[in-house]
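Here is how names work: the chains are called A, B, and so on, in the same order as the sequence lines, proteins then strands, and each is numbered from 1.
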Amino acid sequence: MTLPIPEFKFTPKLYDGERQVTWCPGCGDYGIIAAVKQALAQLQIPPHAAFFVSGIGCGSKLPDYLKANGYLGLHGRSLPIAQGVKLASHNLKVIATVGDGDAYGIGAGHFIHALRRNSDFTMIVEDNKVYALTKGQYSPTSTRGWVSSTTPDGAIEIEFNPVVMAIAGGATFVARTFSGDPKHMAATFAKAIAHKGFALVDVLQACVIYNHVNTVEWYRPRVYKLDDDANYNPRDYTAAMQKAHEWGDHIPLGVLYVDERPTYEEQVKSLATTPLVKQALTYRKETWDEFRAAFM
Amino acid sequence: MTLPIPEFKFTPKLYDGERQVTWCPGCGDYGIIAAVKQALAQLQIPPHAAFFVSGIGCGSKLPDYLKANGYLGLHGRSLPIAQGVKLASHNLKVIATVGDGDAYGIGAGHFIHALRRNSDFTMIVEDNKVYALTKGQYSPTSTRGWVSSTTPDGAIEIEFNPVVMAIAGGATFVARTFSGDPKHMAATFAKAIAHKGFALVDVLQACVIYNHVNTVEWYRPRVYKLDDDANYNPRDYTAAMQKAHEWGDHIPLGVLYVDERPTYEEQVKSLATTPLVKQALTYRKETWDEFRAAFM
Amino acid sequence: MVTNNMTIKIGGEAGQGMDTSGAGFARALVRAGLHIFANSDFMSRIRGGYNFYQLRVGAKPVYAPDDQTHLVLAFSQDAIDLHLDELVPGGAIIHDTNLQVDANALAQRHIQSFAFPFEAKALEIGRAAGMDPKHAKQMLNTAQLGATAAITGFPFERIADVINQNFGKKKGSAVAEANLAVARWAFDEAQKYASQFDWKLIPPADGVNRMILNGNQAIGLGAIAAGCKFISAYPMTPGTTVIEFMTAQAKRFNLVTKQTEDELAAILFAIGAGQIGVRAMTATSGGGFALMVEALGMAGMTETPVVIVDSQRPGPSTGMPTRTGQGDLLFLLHASQDEFPRVVLAPGGVESCYADTARAFNLAEKYQCPVLVLTEGYQAFAVRSVGVEEMPFEQFEIDRGKMLTEAELDALQPGTYKRYALSADGVSPRALPGHPNAVYTSTSDEHTESGRMEDEDPANRVAQHAKRMQKIETLKTEMRMPEWYGPQNAAITLMGWGATRYAIREAVDLLNAQGVRANALHFIDIYPLDENRLAQELAKAKWLVDIEGNYTAQLAQVIRVYTGRAPDQKFLKYDGRPFTGAEIARWIAANVNTKPAKGKSAKVTKSAKVTKGAKVKLVKVKLAKGVKVKAAKATKVAKAKN
Amino acid sequence: MVTNNMTIKIGGEAGQGMDTSGAGFARALVRAGLHIFANSDFMSRIRGGYNFYQLRVGAKPVYAPDDQTHLVLAFSQDAIDLHLDELVPGGAIIHDTNLQVDANALAQRHIQSFAFPFEAKALEIGRAAGMDPKHAKQMLNTAQLGATAAITGFPFERIADVINQNFGKKKGSAVAEANLAVARWAFDEAQKYASQFDWKLIPPADGVNRMILNGNQAIGLGAIAAGCKFISAYPMTPGTTVIEFMTAQAKRFNLVTKQTEDELAAILFAIGAGQIGVRAMTATSGGGFALMVEALGMAGMTETPVVIVDSQRPGPSTGMPTRTGQGDLLFLLHASQDEFPRVVLAPGGVESCYADTARAFNLAEKYQCPVLVLTEGYQAFAVRSVGVEEMPFEQFEIDRGKMLTEAELDALQPGTYKRYALSADGVSPRALPGHPNAVYTSTSDEHTESGRMEDEDPANRVAQHAKRMQKIETLKTEMRMPEWYGPQNAAITLMGWGATRYAIREAVDLLNAQGVRANALHFIDIYPLDENRLAQELAKAKWLVDIEGNYTAQLAQVIRVYTGRAPDQKFLKYDGRPFTGAEIARWIAANVNTKPAKGKSAKVTKSAKVTKGAKVKLVKVKLAKGVKVKAAKATKVAKAKN
Ligand SMILES: Cc1ncc(C[n+]2csc(CCOP(=O)(O)OP(=O)(O)O)c2C)c(N)n1
Ligand SMILES: Cc1ncc(C[n+]2csc(CCOP(=O)(O)OP(=O)(O)O)c2C)c(N)n1
Ligand code: SF4
Ligand code: SF4
Ligand SMILES: [Mg+2]
Ligand SMILES: [Mg+2]
């Protein structure tokens with residue numbers, strides 16, 4: 001990073017990857033990736049200063065289609081990797097892009113603990129309420145009673161409500177947006193990325209192949225924007241919790257909750273000065289002398 | 001189970017195991033195991049009709065000291081085992097007894113999903129807010145700033161609040177009790193075991209070796225009993241959430257929240273008649289004929 | 001003219017329904033008394049990308065794909081471009097008039113092309129029936145089938161039957177009738193080419209209808225036949241269809257099936273159920289199995305029966321999700337800390353998937369330990385017509401081993417039961433929890449005979465550990481030696497395991513037909529095996545060629561540990577594609593001295609030992625002939641399309 | 001009289017502070033220029049249960065425990081009962097007058113007992129100093145040390161120094177003075193026995209002070225010296241103390257250490273940091289490693305350096321948490337689906353824990369792959385006095401392999417960098433993320449040279465997989481052959497790995513002293529190794545005896561796969577206790593024909609081949625002599641006490 005950051009204004013096109021996208025025509029993920037690029041451009045984050053982490057699933061392919069640093073890891077395991085990356089180089093803008101199964105199903109444990117930690121990164125969940133890449137099994141966010149190849153009589157579990165759990169668990173930024181609204185997505189992603197601390201954006205994502213209920217058409221009349229409500233205060237925990245429970249005929253979009261708490265990295269003493277990756281790997285003689293004395 | 005269940009009244013002593021207990025003198029787990037026996041006796045559940053599942057940790061040794069069926073499994077993995085047991089034999093009274101690290105740390109993912117499932121079993125957490133068996137590292141319920149061998153500068157994460165998360169996540173019975181109050185523990189355990197569905201009891205447990213802050217003396221003046229408050233309605237989600245957040249000078253004990261929802265097992269069609277373990281392993285010719293035809 | 005022995009490839013874009021029309025045709029052939037084997041080649045994405053369905057038909061059972069194609073049904077330009085090279089002289093491509101064929105290339109290779117205005121006609125008939133163009137276009141499938149029936153001489157009624165059945169209750173509807181009309185039209189049109197095409201499909205007079213099952217369905221069937229009542233799993237290709245199949249059968253057989261939050265939970269649920277006495281299983285692929293490793297050891301320690309299916313795909317890590325390979329053997333053999341008895345079975349073929357999975361449940365309960373069933377993507381998805389006589393599932397005998405009966409339990413002195421009693425064979429009599437006379441605990445810590453924690457006592461430790469490990473010795477008496485196929489005293493023995501079974505058999509037949517005396521030694525039971533008996537079997541192999549779908553020759557490593565014997569040559573393949581018999585036979589012909597001086601062993605053609613590097617090259621070169629070129633094309637095509 | 005060569009055992013109940021007083025005495029001895037080796041034996045519980053601390057002292061470096069004891073400091077009755085048998089004739093027990101000794105038993109074995117009213121005196125002096133009885137009683141420790149110094153002729157001032165240091169800033173306080181007074185009193189009292197006791201501890205004139213470190217601390221030190229800045233771990237005995245040590249050193253060296261939510265996260269955090277370019281590690285035991293298996297393969301696939309320490313304990317599953325064993329070798333070698341390069345190192349001894357862990361970080365970056373460091377409970381906890389010359393940590397040379405420099409990165413044409421470029425040695429030049437000219441992705445799917453997902457193309461697959469696997473060949477040129485110890489051309493070669501290194505060396509010395517020509521072949525680098533060079537080394541062994549802390553002879557299996565060579569005999573132990581040199585020498589004497597006819601190899605005494613069953617018995621019999629009896633007692637005692 002000895003080169004100066006170029007001064008031209010980054011455009012969304014700059015983040016185009018060289019790969020052919022393999023999502024189905026009509027998939028909500030197309031809109032999501034476009035909005036991600038938009039947000040990066042808006043925040044003027046150059047590709048080399050961003051680090052994307054993802055899991056396995058349709059949505060998790062996102063970083064493969066992007067020009068930016070990325071690590072496409074394991075199903076459900078993106079958050080610990082993201083936090084390792086952040087601790088190693090806390091100036092990188094770290095963004096996890098994963099599916100609902102990844103985030104809240106197999107990844108639930110890591111999610112819960114990430115909320116408590118407040119590491120400074122963004123988690124964008126492409127929440128299509130279904131396991132798409134494995135061909136349509138129910139997911140934790142599938143509506144109760146959801147019929148799939150593994151739940152022919154309908155899913156018995158009640159849904160996992162990501163925004164409720166995130167707020168309850170200690171997230172400092174919780175938002176929801178919708179793959180049918182490119183502008184709202186881009187704006188929400190930008191806010192999340194700009195937030196200092198752990199930011200969750202749950203994206204209501206259309207899967208045209210496996211989710212024939214929660215379609216763009218289904219969402220469109222139901223969603224409304226909190227951003228339009230001047231009275232809504234996302235810093236009010238109780239109000240946020242109430243909104244977070246809203247679902248069905250009225251589905252709030254926007255920033256549901258914001259809190260301020262020092263980030264994890266800010267509180268790690270060894271990171272006070274330089275990012276870890278830039279620190280020297282060797283030590284002065286005095287340091288070793290002190291060490292030796294302590295064990296003699 | 002062809003023998004008739006003996007008619008004498010079971011006493012707590014009946015559940016005494018033959019093993020020498022290895023907990024430290026003064027450990028809160030002594031009170032917990034006594035209260036468990038008390039509750040079993042109160043509900044007149046014979047040892048062979050109970051099935052204990054635990055993990056690894058000081059608290060998780062509990063079933064080893066009990067006369068009752070038990071499976072002492074892996075650290076953090078008791079809940080899926082308990083649910084497998086329950087699906088296999090849904091007449092068994094299944095009780096998981098685990099530590100806070102086990103339950104909410106490494107086991108957080110299973111915990112979150114158990115809440116959604118409402119399998120009919122009880123989870124008793126011996127919550128000493130520390131990793132005791134491994135000699136005192138901080139746990140998810142350790143107070144923020146907790147100093148331990150892995151957090152010499154104090155834990156950075158905010159605490160995991162088990163009762164808030166359980167209510168938010170869909171538990172149908174959420175209670176808290178205290179290892180310094182044998183009667184309250186026994187009564188609470190009995191209610192939890194009698195509850196139809198997933199029941200969480202978080203026990204504030206004294207660890208005399210590694211937790212010198214949250215001691216019996218610390219808790220005693222702080223805890224108060226919801227059971228004493230005639231106005232408190234544990235079926236009121238909002239009220240319960242409010243109480244669940246209470247901590248510090250005033251710590252509510254008792255049943256914080258109750259909800260009714262069919263249990264998981266009740267909704268599994270194949271379990272409508274006989275427990276799975278009692279079902280025939282072979283099928284009638286007609287069943288096979290039908291099957292064969294479907295693939296021809 | 002060749003009757004009832006051919007391979008058809010149906011290729012196009014994912015979503016065009018090649019699978020459906022292929023499966024329909026296969027159904028019709030099997031009902032007509034023919035044998036089929038079919039597999040598909042698809043990409044790890046939901047829509048788009050080039051896929052194909054490959055159908056081999058035989059008068060006798062067929063067990064593996066062929067790499068010669070006689071007929072291509074092209075749904076897209078790629079299908080023509082990619083499969084042209086595979087067609088035998090005299091073979092044909094059936095395609096829509098709107099696709100391009102290079103007449104020169106065809107002529108050079110003596111290949112014919114039969115073009116029809118499928119799409120136009122489908123749209124026309126569809127419009128008349130009131131269908132929208134999208135649905136009308138889908139009748140391309142039906143049209144292709146009609147044309148295929150005509151040129152292969154297959155009776156139209158057989159096709160009509162399947163179309164009607166597919167429409168089920170909607171039989172007779174305008175759409176159903178439109179489909180029949182399209183098929184009929186194509187059948188009539190194609191009649192004119194029938195005499196030009198040499199491969200015929202003629203229903204035999206004494207034809208018997210058979211089931212069509214893929215490997216994963218057969219695994220599910222084996223489980224059900226063995227009394228498995230419980231499966232918990234988390235979706236992972238190519239293991240997912242096991243739980244999906246069992247879920248679809250849950251009502252019929254009163255099963256409990258559970259999609260869990262992750263694979264850790266999947267195996268734990270199954271162990272919980274197994275501890276209670278329910279025959280229970282889980283199914284996954286290597287990455288999911290990786291998450292089960294800790295619990296696997298727990299089952300080993302608590303001696304809880306559980307059956308785990310690992311359907312392999314190429315790795316490491318996520319690897320190539322929809323492809324195949326044999327890279328997990330050593331992983332499964334050694335997964336989890338320290339040592340405990342386990343069984344590893346690697347079925348080969350649909351009937352073996354059935355039978356060896358069923359057997360797995362008996363072994364798991366008789367030896368109170370985890371049993372691992374190792375299959376792979378290719379076998380998970382490939383279907384075969386299989387007679388009930390090959391899988392007599394109604395007669396499967398359940399053996400629960402040393403399980404205490406109710407009467408024995410009733411007779412027990414309360415408090416005396418020892419779940420982990422020492423015993424000569426290592427197996428302790430097992431009481432299912434729930435009886436008042438046998439209340440006990442199991443623990444993942446080292447434990448006493450009563451199942452209580454005992455983390456200190458060395459004598460107890462040695463006794464319990466040796467007891468558990470003794471089960472391995474006992475198991476060896478029951479585990480099966482590898483099977484021989486082909487002539488005795490062969491100059492070359494092909495050694496393999498699992499799903500390559502029939503490709504290797506086919507190679508043996510091909511080689512012997514070419515005058516090369518080859519046979520095969522194939523492993524289904526892999527661990528544990530009796531070392532001495534195994535060494536005797538291996539001693540019969542003069543020149544041992546190891547054939548595996550991995551890089552490091554994992555079976556060969558296992559065999560060397562067992563017996564000291566190392567293979568003389570290895571044909572290792574790790575491109576994610578299944579072996580074919582012809583491919584193996586070609587490799588042998590090219591790399592093994594197949595005509596050794598009398599009394600001597602086969603010798604490598606060039607050097608005495610195939611070095612690692614050279615081996616890699618050999619594989620590459622082989623690939624280059626068939627797959628590599630195609631692959632390069634496929635990539636290009638995919639790019640152009642997206 | 002024996003000078004500076006003895007073993008002291010300090011035994012009592014957990015919580016009585018044997019560790020502290022033992023460590024204090026050890027500190028004093030090392031400051032006086034003597035060498036020590038010390039280990040403890042403790043139970044998996046927090047309070048109660050019989051524990052002991054075992055301290056071996058030498059004029060020259062001592063590397064392993066002895067199984068002869070010269071002096072027992074008994075803090076409880078168990079200590080007397082359990083260690084009496086281990087005392088050599090002329091040895092002694094120091095104990096409080098309120099404990100019982102069987103005078104007959106002593107006399108029979110020529111053992112002395114020196115009794116003092118420790119407790120009474122400690123209470124008396126404590127009371128005078130205003131201490132409560134509980135704290136006063138703890139001065140038993142100091143009293144024992146005083147007495148020990150007296151009878152061994154060790155200068156009192158050395159003890160006083162350590163006591164003073166322990167009190168740090170509270171030096172001179174009433175409590176500190178009381179402790180000194182108690183020690184002085186005991187020292188004076190015990191003088192009268194000094195002439196009766198033959199073993200003396202005399203500070204040498206030219207004594208040099210050394211560090212005292214246990215194996216896990218040495219591992220942490222190795223990591224720090226190698227530039228490891230990051231450890232993420234989840235507590236698990238006996239791996240926990242690695243992160244605890246590094247956390248304690250975090251301020252000094254500016255490290256980041258993180259206790260994560262579980263082991264899955266632990267390795268993932270480390271891989272995340274490693275991907276960025278921070279040298280990172282995790283440490284655990286087998287059960288925790290089981291949870292890292294999926295991510296291990298991911299690191300293999302994405303070629304991310306990471307160092308993983310597995311501190312073994314007996315399993316399977318939870319097993320015996322505070323005990324030791326060598327059961328995880330094959331698990332680590334094969335963990336995770338399919339195949340990828342990894343390195344397995346098993347350090348032997350404190351200095352090797354340091355050096356080989358440091359080396360692990362170089363290997364991880366040079367070969368861009370996971371490196372596994374395999375230690376075990378015994379070695380994790382055992383401490384040794386070790387000179388800086390044995391672990392020159394200030395001079396360790398960091399080698400980051402093919403890492404692009406800033407200048408090289410600046411010179412790159414943007415968009416041309418290929419993270420997974422094909423290369424002859426399999427290693428691709430590595431750019432750390434963050435430079436504008438080298439923006440790239442890594443993926444756990446099969447991928448192109450640029451790191452993009454490529455789940456289909458077989459040619460790309462073969463190229464990338466072969467590239468990765470080629471690193472194994474490259475690694476072999478750098479990996480070290482097993483080391484020889486003892487005379488060349490020995491009749492018997494003892495083969496072992498990891499932590500048994502010095503016990504085996506001691507056995508070699510004992511055997512040679514008894515006239516048995518034995519040597520040792522010891523493995524620290526285990527995988528990958530050059531098969532040919534290894535075969536040459538093994539060819540030097542005439543009669544190979546495999547010595548391992550597991551049931552199935554795992555190293556022997558690895559060696560057989562490498563070379564075909566199988567050991568002639570095996571001494572396997574799986575009771576959770578470490579080997580001692582004397583124990584090995586005894587086993588050899590009893591089970592190997594140590595005087596073979598000239599020119600012939602050693603032969604087993606009774607049968608030509610030790611069968612599995614027989615082997616188990618042998619181990620049992622051996623145990624019976626020492627440990628078994630004690631264990632039975634220990635159990636009884638523990639019961640009586642609770
Ligand atoms: C450990 C593991 N288990 C299972 C899988 C198989 N798998 C791949 S994607 C996926 C679920 C995808 O669902 P989601 O995360 O919601 O993403 P989507 O495809 O819907 O975008 C699963 C189960 C895997 N890759 N790894
Ligand atoms: C997979 C795994 N990781 C780590 C451990 C080590 N371990 C045993 S108990 C324990 C934590 C105990 O804390 P908690 O669950 O709160 O129980 P407590 O001892 O406090 O009762 C840990 C980390 C283990 N047994 N298994
Ligand atoms: S299956 Fe659904 S989520 Fe996946 S690419 Fe297609 S539309 Fe998108
Ligand atoms: S360490 Fe704490 S939790 Fe464990 S037994 Fe002792 S007092 Fe109880
Ligand atoms: Mg999804
Ligand atoms: Mg705890």
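Only the side chain of C/Leu213 comes within contact range of chain B, with at least one heavy atom under 4.5 Å from a heavy atom of that chain. Of the atoms belonging to B/Val277, heavy atoms from both backbone and side chain fall under 4.5 Å from chain C. For B/Ala280, the part lying under 4.5 angstrom from a heavy atom of chain C is the backbone only. For B/Gln279, the part lying under 4.5 angstrom from a heavy atom of chain C is the side chain only. Contact of C/Ser385 with chain B is not made at all, since no heavy-atom distance falls under 4.5 Å. Looking at B/Ile112, there are no atoms closer than 4.5 Å to chain C (heavy atoms on both sides), in backbone or side chain. Both the backbone and the side chain of C/Arg452 come within contact range of chain B, judged by heavy atoms closer than 4.5 Å. With a 4.5 angstrom heavy-atom cutoff, C/Phe393 touches chain B via backbone and side-chain atoms both. Both the backbone and the side chain of C/Glu394 come within less than 4.5 Å of a heavy atom of chain B. Interface remark: B/Ile56 contributes side-chain atoms only to the contact with chain C (heavy atom separation under 4.5 Å). Heavy atoms closer than 4.5 Å to chain C are found in both the backbone and the side chain of B/Lys285. Of the two parts of B/Arg116, neither the backbone nor the side chain holds a non-hydrogen atom closer than 4.5 Å to a non-hydrogen atom of chain C. For a residue to count as touching a neighbouring chain, one of its non-hydrogen atoms must lie under 4.5 Å from one of that chain's; by this rule C/Arg400 touches chain B with the side chain only. For C/Ile398, the part lying near chain B is the side chain, with the backbone staying farther off; criterion is any non-hydrogen pair under 4.5 Å. When heavy atoms are compared at a cutoff of 4.5 Å, C/Ile267 does not approach chain B at all. Both the backbone and the side chain of B/Tyr71 come within contact range of chain C, each with at least one heavy atom under 4.5 Å from a heavy atom of that chain. Contacts of B/His110 with chain C are made by both backbone and side-chain atoms, with heavy-atom separations under 4.5 Å. Both the backbone and the side chain of C/Ala295 come within contact range of chain B, judged by heavy atoms closer than 4.5 Å.
With sequence neighbours excluded, no residue satisfies ring-ring contact (aromatic ring centres under 6.0 Å, His included) with C/Phe230. Contacts of C/Thr405 classified as side-chain contact (heavy atoms from CB on, under 4.5 Å), with partners at least two apart in sequence or in another chain: C/Ala407, C/Glu408.
A donor-acceptor pair is defined here as one N or O able to donate and one able to accept, closer than 3.5 Å; such a pair exists between the side chain of C/Gln217 and the backbone of C/Asn214. Here the side chain of B/Asp102 pairs no donor or acceptor atom with the backbone of B/Gly57 at under 3.5 angstrom. No side-chain donor-acceptor contact under 3.5 Å links B/Thr287 to the backbone of B/Tyr283. Of the possible donor and acceptor atoms, none in the side chain of B/Glu126 sits under 3.5 Å from a partner among the backbone N and O of B/Asp100. Under a 3.5 Å cut-off, the side chain of C/Thr441 and the backbone N or O of B/Gly70 do not form any donor-acceptor pair.
Ranked by heavy-atom pairs under 4.5 Å with chain B, the list C/Lys258, C/Glu294, C/Arg252 is led by C/Arg252. Among the candidates C/His447, C/Met211, C/Gln249, the residue making the largest number of heavy-atom pairs closer than 4.5 Å to chain B is C/Met211. Ranked by heavy-atom pairs under 4.5 Å with chain B, the first of C/Ala225, C/Gly274, C/Ala250, C/Ser442 is C/Ser442. Between chain C and the options B/Thr273, B/Asn91, B/Val268, B/Val85, the largest number of non-hydrogen pairs under 4.5 Å is found for B/Val85. The greatest number of non-hydrogen atom pairs below 4.5 Å with chain B, out of C/Ser232, C/Ala265, C/Ala438, C/Gly272, is found for C/Gly272. Contact tally against chain C (heavy-atom pairs below 4.5 Å) for B/Ala294, B/Ala88, B/Pro80: the top residue is B/Pro80. In terms of heavy-atom pairs under 4.5 angstrom with chain C, the leader among B/Arg117, B/Lys269, B/Lys67 is B/Arg117. Comparing C/Glu261, C/Lys251, C/Gln275 by heavy-atom pairs within less than 4.5 Å of chain B, the highest count is held by C/Glu261. Most heavy-atom pairs under 4.5 Å with chain B, from the set C/Ile271, C/Val30, C/Leu221: that is C/Leu221.
A perpendicular orientation is assigned to the rings of B/Trp288 and B/Phe291, their planes being inclined by more than 60° (bins at 30° and 60°). Taking the six-membered ring where tryptophan is involved, the planes of B/Phe173 and B/His195 are tilted, since the angle between them lies from 30° to 60°.
In terms of heavy-atom proximity, C/Ala270 sits nearest to C/Val306 at CB-CG2, 3.9 Å. Here the closest heavy-atom approach between residue C/Ser450 and residue C/Tyr420 is recorded as C-CD1, 4.5 Å.
Note on C/Arg430 versus C/Glu303: no salt bridge recorded, every NZ/NE/NH1/NH2 to OD/OE distance being 4.0 Å or above. Remark: C/Asp399 engages C/Lys366 in a salt bridge, criterion side-chain N to carboxylate O under 4.0 Å.
Atom CD1 in B/Ile95 sits 12.5 Å away from atom OG in B/Ser78 (nearest 0.5 Å). Taken from CD in C/Glu449 to CZ in C/Arg419, the straight-line distance is 12.0 Å, to the nearest 0.5 Å.
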Could you go through C/Asn362 and C/Arg279, starting from their C-alpha distance and side-chain angles, then the distance that decides it, and tell me whether this counts as side-chain hydrogen bond (donor to acceptor under 3.5 Å, both in side chains)?
CA-CA 9 Å; C/Asn362 279 355; C/Arg279 291 195 156 193; 3.0 Å; yes
